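Okay, so here's the structure we're looking at.
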Amino acid sequence: MASELFPLNYVLLLVLLKKLLEIVADNIQQYLSNYSKELQTLKSNGYTVIGYIRKPRPRAREAEDNRIRLLHLMAQRLRERSYVEKVFVSTQSNSKETLTERDIPWPSIMNEVKSVDGTMQDLLKYVRSQSKICMVVLDYAGLSTDEEDIKEFLCRSHSNNLKSNNIRHNSTIIGSYQA
């Protein structure tokens, strides 16, 4: 009787869908734990974990105090969830803007943002002084939309090893660089 109401293909689809939902639920449940373990492993291997936040240029009606509040919250999340030691921020740059051109001149809003360690210009200097860096990037578009700009950044960093986590809808290490 059941096979007459529901064809076998439909029943099989429902079973597969249920299994897929179980797998997705398990992955979601374990994600933060696995992410934390991955970052702790990098730290135990001598990596310095730093964070980078990029906010696009403000819309005409966006209140500056709201922008500062959001930057503070993003920095706080990076410190809590990604164990970053330093947080750098570009308060008003486009993802197409090259990394070396961001935050020139120094944005005046930085006088109000207290929970960060500097701008992209400060990050560039800091990365050159370190041998092993893991960068966690909090930005919808990622570190940059220009692949060549990222390659240039990695080459200029003079880091023995640089890993980058792009937090968009998920986090993945997108590459490493050996000097």
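The structure presented is a predicted model; accordingly, all values stated were derived computationally and were not measured.
With rounding to the nearest 0.5 angstrom, the CG atom of L16 is 8.5 Å from the CG atom of L20. For the atom pair CD1 (I109) and CG (D65), the distance works out to 9.5 Å, reported to the nearest 0.5 Å. Here the straight-line distance linking atom CG of L124 with atom OG of S129 works out to 11.5 Å at 0.5 Å rounding. The CZ atom of R54 lies 10.0 Å from the CE atom of M120; values are rounded to the nearest 0.5 Å. The CG atom of N66 lies 9.5 Å from the CG atom of L71; values are rounded to the nearest 0.5 Å. Remark: K132 NZ to T48 OG1 distance equals 10.0 Å, nearest 0.5 Å.
There is a side-chain donor-acceptor pair under 3.5 Å between D103 and S90. A donor and an acceptor atom, one from each side chain of T98 and E101, are located under 3.5 Å apart.
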### Query
Can you check side chain to side chain contact (heavy atoms under 4.5 Å, CB included) on Y52 and V87, steps first, answer last?
CA-CA 6 Å; Y52 174 67; V87 176; over 6 Å; no
### Message
Pair T119, W106 - check side chain to side chain contact (heavy atoms under 4.5 Å, CB included), show working.
### Response
CA-CA 8 Å; T119 66; W106 194 76; 3.6 Å; yes
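Nearest approach of G51 to L123, heavy atoms of both residues: O-CD1, 4.4 Å. The minimum heavy-atom distance between V136 and S82, with the atom names listed, is CG1-OG, 3.7 Å. I50 approaches Y126 most closely through the heavy-atom pair CG2-CE2, 3.6 Å. Looking at every heavy atom in both residues, I53 comes nearest to A75 through CD1-N, 3.5 Å. Of all the heavy atoms in S95 and R102, the pair that sits closest is O-NH2, 3.2 Å. C134 and L42 get closest at one heavy-atom pair: SG-CD1, 3.6 Å.
Qualifying salt bridge (charged side-chain N to carboxylate O under 4.0 Å, His left out) partners for E85, counting only residues two or more places apart in sequence or in other chains: K43. Residues forming a salt bridge (charged side-chain N to carboxylate O under 4.0 Å, His left out) with R81 (at least two apart in sequence, or on another chain): none.
Linking ILVMFWY residues whenever their side-chain heavy atoms come closer than 4.5 Å, directly or via other members, places L32 and Y83 in the same cluster.
Applying the salt bridge (Lys or Arg N to Asp or Glu O under 4.0 Å) rule to pairs touching residues 113-123 yields R79-D117, sequence neighbours excluded.
Look at R57 and E97 and you find a salt bridge, because one of the NZ, NE, NH1 or NH2 atoms lies within 4.0 Å of a carboxylate O, short of that distance.
Of the listed residues (E112, M110, K55), just one forms a side chain to side chain contact (heavy atoms under 4.5 Å, CB included) with T91, and that residue is M110.
Applying the 6.0 Å contact sphere to CD of E22 captures more than 12 heavy atoms from other residues, nucleotides or ligands.
Residues Q92 and P58 have side chains in contact (heavy-atom distance under 4.5 Å, counting atoms from C-beta outward).
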